[in-house]
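See below for the structure under consideration.
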Amino acid sequence: MNRMTQNANRYYRALLEQDPSFEGLFVVAVRTTGIFCRPTCRARKAKRENVEFYPDSDTAAAAGFRPCKICRPTELPVEDVPEFFRVLSERLGAEPLERLTDQKIRSLGFVPATVRRWFKRRYNMTFQAWQRMLRMNAAFQRLQQGENVTVAALASGYESLSGFGASFRNAFGFAPSQKEPLRMITARRLESPIGPLLACAVDEGICYLQFMDQRLLESELKDMCRRLKAVMLYGEHPHLAALADQLAQYFDGDRRNFDLPIAVPGTDFQRRAWRALQEIPYGTTASYADQARALGSPGAVRATGTANRLNRVTIVVPCHRVIGSNGGLSGYGGGVWRKQWLLQFEKRTLARGAATVGQAGLLRRPG
Ligand SMILES: [Zn+2]
């Protein structure tokens, strides 16, 4: 039994729920119409016994099916924002203090589990945490406008000041206080062929870029907010737009070095170590000992390794190019398989000269 057949029941359920987290994992072909669709197609659903699942458009087309004109499965999936996200955000925009419980989500015609999965996948947080973040953002904006903490807390739907303080500390890692001006970190999700990344920027530069499935993501973000005395909000920032462009060029094989300001808090030694990482040429590797020598501190191999582990701007500050002196891959925050992928990708691109990676490659999901 192949993988498609094994997963057919799960896929059919995803199809009924128009679950966007299955985009790119399969296309569905309908025997009675001869048409194939994305998992999220809005067209009427065919009966289970009339559908077949294929891993991608090519195999469905090779089996004689035509692409659907509604969901256009052969085109690049624009990160589709699902209907429930539009409806729920509009609702929260109009009624920021409303708590959208599972029951309310159901009464609006959506499946709470789908909402939950999508938020987890897209923002690595629960929908409840997302709502708390919106309330927190509202409070933050009030504090910025000079309102006192009590007024801001109550106006943002917190019933008590201590409750607000606790939520604020929980979200950002430090207490709300009017004495210190708060800074803002803008965050955004970026797609890559090896999984989605979370990118953050302050006005001075990029301060965070890590794979969203990283185990320590949440504690790292909190740590960063605390160090920068900043709150984190999802949104747009010129540095993030530049990063998105440059990262796409990198993954197309058209960019070898990044030209972006980096603003990660760290000691002098750490900053020097991160700069040394950026000196390792594209498509090559260095050992920790090489990097320590390049830093002018040949004895500081261990400290160099520690600095690399604390690198928060993956790919742009290419710690994936540092390997053990025995040639082993050693560790990587985003997982060793990603390190291996990046090294092979750079070597292959280098060997091909200015070759580019096809767009289909950009959308492939890791195993
Ligand atoms: Zn369709």
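The structure displayed is predicted, hence computed values, not measured ones. Both counts, for ligands and for their atoms, begin at 1 and track the order of listing.
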Near the Zn ion (ligand 1), meaning under 2.8 Å, the protein N/O/S atoms are Cys37 SG, Cys41 SG, Cys68 SG, Cys71 SG
Count the heavy atoms of every other residue, nucleotide or ligand shown that sit under 6.0 Å from CD of Gln103, and state whether that count exceeds 12. no
Just checking, any donor-acceptor pair under 3.5 angstrom between side chains of Glu52 and Tyr54? yes
Using only atom types and a distance under 3.5 Å, with no angle test, would you say the side chain of Arg338 pairs donor to acceptor with the backbone of Ile194? yes
Would you please classify the geometry between the Tyr250 ring and the Phe258 ring as parallel, tilted or perpendicular, with 30° and 60° separating the classes? tilted
Residue of the set Phe127, Phe110, Phe84 for which ring pair (Phe, Tyr, Trp, His ring centres under 6.0 Å) holds with Trp118: Phe84
Would Tyr332 and Phe211 count as a close aromatic pair, with their ring centres under 6.0 Å? no
